[in-house]
Amino acid sequence: MMEKFDFLLGTWKMEYRIPESEFSPAMTGSGSGTFRRALDDKYVYFNYSASFSRGDRAEAHGVFAWDDKSKIHRYWWFENSGHFDAATCRFLKDGLLFMNWHGSLMSQTFAKTGPDSLVLRMRHPDSGGKQKTVMEVAFIRSRER
C-alpha cells in the first residue's frame with residue numbers, strides 16, 4: 001500500500017511562502033528534505049530542515065504508514081519545537097495526497113506538478129468557512145549526489 005508515495009520519494013530543495021495569518025506573520029524560507037522508504041517498505045519517512053526570513057530554523061521528522069485495521073494511511077509529525085501531531089491521509093488521485101490534521105482544522109495537500117516538482121499547501125478555514133492557504137512550499141527534486 002505504500003507504492004502510492006513513490007512520487008514523493010527522493011531529496012528535495014524546498015522554498016516556503018507563508019502569508020500573514022492568525023498563525024504566523026508573513027515570511028519566506030528555504031530548506032531541504034528527503035522522503036525515503038523504511039523497514040521493509042512498510043513506512044515512508046520524511047526528514048527536513050529549513051531556515052526562515054525571520055531567523056527561525058525548523059527541523060522535523062514525519063512517518064507515513066498504512067493502517068491495515070482501518071484501511072487508511074496515517075501520518076505522524078515531530079518537530080524540533082516539541083510540537084507533534086497526527087494526520088489521516090487519502091490519495092485523491094495519483095500524485096495528489098490529501099491530509100487531515102487531527103489536532104486542528106488544518107488540511108494539507110502534496111500535489112505533483114511535474115516529474116521533478118511538487119507543491120505542498122496547508123490550509124485552514126477562515127471565519128466565513130473559506131479555505132485559506134497558510135503555507136505553501138515548492139519542492140524541486142535535487143539532482144545532487
Side-chain angles (χ1 to χ4, degrees), residues 1-114 117-142:
M1 294 304 296
M2 300 306 288
E3 67 278 351
K4 292 181 177 187
F5 290 91
D6 285 354
F7 78 102
L8 295 173
L9 299 178
T11 299
W12 302 85
K13 294 179 182 179
M14 301 160 48
E15 294 297 325
Y16 288 75
R17 186 187 64 78
I18 301 170
E20 184 175 350
S21 72
E22 63 187 273
F23 305 102
S24 173
M27 68 178 101
T28 58
S30 62
S32 62
T34 300
F35 291 90
R36 67 178 178 85
R37 294 184 179 283
L39 301 173
D40 293 328
D41 293 339
K42 301 276 191 270
Y43 303 92
V44 170
Y45 292 169
F46 177 44
N47 291 298
Y48 90 91
S49 63
S51 298
F52 297 92
S53 56
R54 296 192 45 174
D56 303 78
R57 181 146 178 79
E59 293 180 308
H61 175 72
V63 180
F64 290 98
W66 174 251
D67 181 340
D68 197 47
K69 183 177 179 182
S70 299
K71 305 296 184 204
I72 195 162
H73 287 98
R74 296 190 182 277
Y75 186 63
W76 296 270
W77 179 255
F78 307 92
E79 292 181 357
N80 66 328
S81 67
H83 178 75
F84 57 92
D85 205 347
T88 310
C89 307
R90 180 173 170 215
F91 287 90
L92 301 179
K93 64 181 183 178
D94 286 345
L96 180 57
L97 174 62
F98 176 83
M99 301 167 63
N100 182 40
W101 287 95
H102 299 177
S104 70
L105 295 176
M106 296 280 189
S107 65
Q108 180 175 318
T109 55
F110 281 100
K112 182 177 180 178
T113 55
S117 60
L118 310 167
V119 66
L120 173 157
R121 286 190 181 90
M122 186 166 281
R123 295 186 174 103
H124 188 271
D126 65 13
S127 60
K130 181 180 177 192
Q131 293 289 316
K132 303 224 23 155
T133 298
V134 296
M135 182 174 68
E136 185 172 285
V137 184
F139 286 68
I140 302 297
R141 193 178 310 275
S142 176

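- No side-chain heavy atom of Phe46 sits under 4.5 Å from any side-chain heavy atom of Trp12.
- Here NZ of Lys4 is found 7.5 Å from CG of Asp94. Values are rounded to the nearest 0.5 Å.
- The ring pair (Phe, Tyr, Trp, His ring centres under 6.0 Å) search around His61 returns Tyr45, not counting sequence neighbours.
- A tilted orientation is assigned to the rings of Trp77 and Tyr75, their planes being inclined by 30° to 60°.
- Every residue meeting the salt bridge (charged side-chain N to carboxylate O under 4.0 Å, His left out) condition with Asp67, not counting sequence neighbours, appears here in chain and number order: Arg74.
- Between Thr88 and His102, the closest side-chain pair of non-hydrogen atoms falls below 4.5 Å.
- Among residues two or more places apart in sequence or in another chain, the salt bridge (charged side-chain N to carboxylate O under 4.0 Å, His left out) test is passed with Lys71 by Asp68.
- For the ring pair (Phe, Tyr, Trp, His ring centres under 6.0 Å) criterion with His73, the lone passing option out of Tyr43, Phe64, Phe5 is Phe5.
- For Arg121, the salt bridge (charged side-chain N to carboxylate O under 4.0 Å, His left out) partners at least two apart in sequence or on another chain are Glu136.
- Two residues are said to be in side-chain contact when any heavy atoms from C-beta on lie closer than 4.5 Å; Leu120 and Met135 meet this criterion.
- Sorted by first and then second residue, the salt bridge (charged side-chain N to carboxylate O under 4.0 Å, His left out) pairs with a member in residues 31-45 read Asp6-Arg37; sequence neighbours excluded.
- For Ala65 against Trp76, the heavy-atom pair with the smallest separation is CB-CZ3, 3.7 Å.
- For an aromatic pair to be called close, the ring centres must be under 6.0 Å apart, and Phe35 with Phe110 satisfies this.
- With sequence neighbours left out, the side chain to side chain donor-acceptor pair (under 3.5 Å) criterion links Arg17 to no other residue.
- Side-chain contact check for Ser24 versus Val134: every heavy-atom pair is 4.5 Å or farther apart.
- Applying the salt bridge (charged side-chain N to carboxylate O under 4.0 Å, His left out) rule to Arg54 yields no partners; only residues at least two apart in sequence or on another chain are considered.
- Across all their heavy atoms, Gly103 and Asp85 have their closest contact at N-OD1, 3.2 Å.
- For the atom pair CG (Asp56) and CD1 (Ile18), the distance works out to 8.5 Å, reported to the nearest 0.5 Å.
- The nearest pair of heavy atoms linking Ser53 to Met27 is OG-CB, 3.2 Å.
- Checking side-chain atoms of Thr109 against main-chain N and O of Ala111 turns up no donor-acceptor pair under 3.5 Å.
- Residues passing the ring pair (Phe, Tyr, Trp, His ring centres under 6.0 Å) test with Phe52 are Tyr16, sequence neighbours excluded.
- No donor-acceptor pair under 3.5 Å is formed between the side chain of His83 and the backbone N or O of Phe78.
- In terms of heavy-atom proximity, Met14 sits nearest to Tyr48 at CE-CD1, 3.9 Å.
- At least one side-chain heavy atom of Leu8 sits under 4.5 Å from a side-chain heavy atom of Leu118.
- Contact record, Leu97 with Cys89: CD1-CB, 3.7 Å, taken as the closest heavy-atom pair.
- Every side chain to side chain contact (heavy atoms under 4.5 Å, CB included) that Thr113 has, sequence neighbours left out, goes to Ser117, Val119.
- Scored by the ring pair (Phe, Tyr, Trp, His ring centres under 6.0 Å) test, Phe23 finds His124 as partners (sequence neighbours excluded).
- Residues meeting the side chain to side chain contact (heavy atoms under 4.5 Å, CB included) test with Ser107, sequence neighbours left out: Phe98, Arg123, Gln131.
- Looking at heavy atoms from C-beta onward, Val44 lies in side-chain contact with Leu9 at the 4.5 angstrom threshold.
- In this view, Ser32 and Ser49 satisfy the side chain to side chain contact (heavy atoms under 4.5 Å, CB included) rule, not counting sequence neighbours.
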